[in-house]
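The block underneath contains the structure these notes are about, expressed in structure tokens.
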Amino acid sequence: MSGFNHEVIFCIVNTGFSETVMEAAKDAGARGGTILNARGTANKEAESFFHIAVQPEKEIVMILVDAKIKDAVLHALYQKAGLDTMGQGIAFSLPVDNVVGLTPWKAEIKAAEVAAEKAVEKAEAAIESAEKKAN
């Protein structure tokens, strides 16, 4: 794994298949994505090489994921929306070196709340113990 903590996955599919992409990505651990409308420009050589007919109208799904789950998400996209499916999708990822604005998982929030409560209890017990020793 590289030194990057996040990756952005781009999945380009035929129009109408972005929900299939998002379902597969979420099943693999992704939290959400952004869908862009696009237009393909593949040439005839590419169509004959891949044995597909390229629809000009496309959707691009951008999904920001933790680098640890990137491979699982890419594999899920390949299975559900790859070139051998009606979505005729291709997917690739790029490393992301900095991220702001993400909210932590609910489980992480709960774990932080529990840790904070334990720290407060420990501090209160220490204060109470110090007060008893002072008296």
Side-chain angles (χ1 to χ4, degrees):
M1 185 164 94
S2 69
F4 297 101
N5 293 328
H6 294 88
E7 299 265 341
V8 63
I9 296 173
F10 292 87
C11 187
I12 305 166
V13 291
N14 290 334
T15 296
F17 288 89
S18 59
E19 288 302 319
T20 301
V21 169
M22 282 311 311
E23 287 172 12
K26 285 181 178 179
D27 288 346
R31 295 174 61 194
T34 300
I35 301 167
L36 304 171
N37 293 317
R39 194 171 167 112
T41 62
N43 59 28
K44 294 297 175 191
E45 291 86 22
E47 288 183 359
S48 64
F49 179 76
F50 290 112
H51 305 291
I52 59 171
V54 176
Q55 286 185 336
E57 297 303 316
K58 302 288 182 185
E59 292 173 332
I60 302 172
V61 183
M62 297 186 312
I63 309 163
L64 183 66
V65 298
D66 189 292
K68 295 173 190 164
I69 67 167
K70 173 198 68 168
D71 290 336
V73 174
L74 284 170
H75 182 73
L77 297 180
Y78 171 76
Q79 294 292 318
K80 301 286 183 174
L83 282 176
D84 293 337
T85 69
M86 294 292 292
Q88 294 183 330
I90 62 167
F92 60 92
S93 68
L94 296 171
V96 175
D97 66 354
N98 205 352
V99 175
V100 296
L102 291 181
T103 56
W105 289 92
K106 288 181 181 176
E108 291 172 353
I109 291 171
K110 186 64 177 170
E113 288 173 352
V114 169
E117 287 173 7
K118 286 182 181 180
V120 168
E121 289 171 3
K122 190 174 181 180
E124 288 173 345
I127 292 169
E128 187 176 314
S129 176
E131 287 175 345
K132 284 181 182 178
K133 285 182 184 179
N135 291 331

| request: Could you check Asp71 against His75 for side chain to side chain contact (heavy atoms under 4.5 Å, CB included), going step by step and ending with a plain yes or no? | output: CA-CA 6 Å; Asp71 290 336; His75 182 73; over 6 Å; no

| For Glu23, side-chain contact (heavy atoms from CB on, under 4.5 Å) partners two or more places apart | none

Nearest 0.5 Å, what's the [atom1]-[atom2] distance between [X] and [Y]?
X: Leu64; Y: Thr34; atom1: CG; atom2: OG1; result: 9.0 Å
X: Lys26; Y: Glu19; atom1: NZ; atom2: CD; result: 7.5 Å
X: His6; Y: Lys68; atom1: NE2; atom2: NZ; result: 9.5 Å
X: Lys58; Y: Arg39; atom1: NZ; atom2: CZ; result: 12.0 Å
X: Lys80; Y: Asp27; atom1: NZ; atom2: CG; result: 7.0 Å
X: Ile90; Y: Leu77; atom1: CD1; atom2: CG; result: 12.0 Å

If I compare all heavy atoms of [X] with all of [Y], which pair ends up nearest, and what's the gap?
X: Leu83; Y: Gln88; value: CD2-O, 3.7 Å
X: Val73; Y: Ala25; value: CG1-CB, 4.0 Å
X: Phe4; Y: Ala67; value: O-CB, 3.5 Å
X: Ala28; Y: Ala72; value: CB-O, 3.7 Å

| task | Ignoring hydrogens and angles, tell me if any N or O in the side chain of Ser93 forms a donor-acceptor pair with the backbone of Glu7 under 3.5 Å. | result | no

| note | Lys122 meets the salt bridge (charged side-chain N to carboxylate O under 4.0 Å, His left out) criterion, sequence neighbours left out, with none

| message | Testing Ile9, Leu74, Val8, Ile12 one by one against Phe92 for a side-chain contact (heavy atoms from CB on, under 4.5 Å), which residue passes? | response | Ile12

| Should Leu94 and Met62 be counted in the same cluster of Ile, Leu, Val, Met, Phe, Trp and Tyr side chains packed under 4.5 Å apart? | yes

| Test item: side-chain donor near acceptor, Glu59 and Ser18, under 3.5 Å | yes

| field | Tyr78, OH atom: more than 12 neighbouring heavy atoms under 6.0 Å | value | no

| said: For Val21 and Ile63: C-alpha separation, side-chain torsions, deciding distance, then whether side chain to side chain contact (heavy atoms under 4.5 Å, CB included) applies. | reply: CA-CA 10 Å; Val21 169; Ile63 309 163; 4.2 Å; yes

